[in-house]
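Only one structure is covered here, and it is reproduced in the block below.
When a residue number appears, it is its place in the shown sequence, counting from 1. Owing to the predicted nature of the structure, the values given are computational and were not obtained by experimental measurement.
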Amino acid sequence: MKTEELKEIGLNDEQIAQVFKLRGQEVENYNNLKNQYETLKTENENYKSQVESANEQIEAFKDMDIDSIKASAEEYKNKYEEAQIKAKEDIERINLNNAIDLGLVNAGSRNLKAAKALLDIDSLKDSKNLNDDLKAQIEGLKESDSYLFKVEEEQKQRSMGRSQSLGDKELKDMTYEEMLKANKKGIL
């Protein structure tokens, strides 16, 4: 979708800006849905595994006596609790990784993998206020390993053409056209 195409169908500049702003919100909503999908997919895989295990146990129960059924029921209960703990850990891991990646992207990281390797992930796992602790670690990383991050002056000096500087605009406030231009120039 280009500005020229929207002008051809009779939209004025203000309407075009609103269309691109709505498109930017759609992109952000898509990213949120993608994260939710990954979480639900992990939960679903864990539940499928639990159901398969339960079905195997049910088949085994058909040939057992009462005492062995009780022992197996207790064993299955323990396996279920372990699977619940593992599922919770998987979801927490996914959420932590997404938060770290988003924090590094917002901080202007040039190389997510390298920057992530230098963060103290264990302390972030135990953090009560993940966002603040992550920001503090990223700021420390910017000071000690500044080469991993885009310099703020460079980010502000990059122009998107026609005197529209990216400045301090957030992704959600950018029009679709601004996002495309910024992406082509390597700003995003």
Side-chain angles (χ1 to χ4, degrees), residues 22-150 170-174 176 179 183 186-188:
L22 290 173
R23 179 64 181 140
Q25 290 171 348
E26 286 177 354
V27 169
E28 188 174 328
N29 289 341
Y30 167 78
N31 288 335
N32 290 336
L33 289 174
K34 182 180 173 187
N35 289 339
Q36 290 175 354
Y37 168 76
E38 289 178 12
T39 301
L40 291 174
K41 182 179 173 185
T42 302
E43 286 179 356
N44 187 33
E45 290 171 0
N46 287 325
Y47 289 142
K48 282 182 181 179
S49 172
Q50 292 173 17
V51 168
E52 289 175 12
S53 177
N55 287 337
E56 290 173 5
Q57 288 296 324
I58 290 170
E59 288 299 317
F61 286 154
K62 289 181 180 178
D63 299 327
M64 292 185 173
D65 61 59
I66 302 261
D67 291 333
S68 61
I69 290 175
K70 287 180 182 178
S72 293
E74 188 63 35
E75 180 183 329
Y76 179 73
K77 180 182 173 187
N78 292 336
K79 285 183 181 179
Y80 173 77
E81 289 170 355
E82 290 171 8
Q84 287 294 95
I85 291 169
K86 183 185 179 304
K88 183 179 176 185
E89 289 172 352
D90 288 346
I91 291 169
E92 288 174 355
R93 180 184 43 81
I94 289 170
N95 289 337
L96 177 68
N97 285 334
N98 287 340
I100 291 171
D101 289 347
L102 183 61
L104 289 170
V105 166
N106 288 340
S109 175
R110 294 178 192 252
N111 185 334
L112 288 179
K113 191 173 185 179
K116 199 176 198 179
L118 296 173
L119 293 174
D120 184 5
I121 304 295
D122 291 332
S123 71
L124 291 174
K125 284 179 185 176
D126 300 331
S127 174
K128 292 184 181 179
N129 192 345
L130 177 63
N131 290 335
D132 290 341
D133 293 344
L134 180 59
K135 283 181 184 179
Q137 282 196 28
I138 290 174
E139 290 304 317
L141 197 56
K142 279 183 173 182
E143 290 175 16
S144 65
D145 298 291
S146 61
Y147 63 90
L148 290 173
F149 297 91
K150 296 175 186 170
E170 290 191 31
L171 184 63
K172 68 179 180 177
D173 296 330
M174 294 175 69
Y176 182 70
M179 285 187 259
N183 191 31
I187 296 172
L188 294 179

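Once rounded to the nearest 0.5 Å, the distance linking CZ of Arg110 with CG of Leu104 reads 14.0 Å. Put simply, CG on Asn95 and OG1 on Thr42 are 9.5 Å apart, with the number rounded to the nearest 0.5 Å. Rounding to the nearest 0.5 Å gives a distance of 4.5 Å between CG of Leu102 and CG of Asn106. Taking CD of Glu28 as the start and CD of Gln25 as the end, the distance is 7.5 Å to the nearest 0.5 Å. From Asn46, atom CG reaches atom CD of Glu89 across 10.5 Å, with rounding to the nearest 0.5 Å. Rounding to the nearest 0.5 Å places CD1 of Ile94 at 9.5 Å from CG of Asn35.
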Open item on the list: Between Leu148 and Leu118, is the side-chain contact (heavy atoms from CB on, under 4.5 Å) condition met? List the steps.
Closed with: CA-CA 10 Å; Leu148 290 173; Leu118 296 173; 3.6 Å; yes
Task: side-chain contact (heavy atoms from CB on, under 4.5 Å) assessment of Leu96 paired with Ile121 - done: CA-CA 9 Å; Leu96 177 68; Ile121 304 295; 4.0 Å; yes
TODO: May I have the step-by-step check of side-chain contact (heavy atoms from CB on, under 4.5 Å) for Asp120 and Leu124, ending in yes or no?
DONE: CA-CA 7 Å; Asp120 184 5; Leu124 291 174; 5.9 Å; no
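For Glu75 and Lys79, the salt-bridge test passes: some basic side-chain N is under 4.0 Å from an acidic carboxylate O. Ion pairing between Glu26 and Arg23 holds under the 4.0 Å rule for side-chain N and carboxylate O. Look at Arg93 and Asp90 and you find a salt bridge, because one of the NZ, NE, NH1 or NH2 atoms lies within 4.0 Å of a carboxylate O, short of that distance.
The minimum heavy-atom distance between Gln50 and Tyr76, with the atom names listed, is O-OH, 3.6 Å. For the pair Ser109 and Leu112, the tightest heavy-atom approach, listed with the atom from each and the gap, is OG-N, 3.7 Å. In this structure, Ala115 and Leu141 approach most closely via the heavy-atom pair O-CD2, 3.5 Å. Taking each heavy atom of Asp133 and Lys128 in turn, the nearest pair found is OD2-N, 4.4 Å.
A donor-acceptor pair under 3.5 Å is absent between the side-chain atoms of Asn44 and the main chain of Leu40, judged by distance alone. Looking only at distances, no side-chain donor or acceptor of Ser49 sits under 3.5 Å from a matching main-chain atom of Glu45.
The shortest side-chain heavy-atom distance between Lys88 and Glu92 falls under the 4.5 Å cut-off. Considering only heavy atoms from C-beta on, Leu134 comes within 4.5 Å of Leu119 through its side chain.
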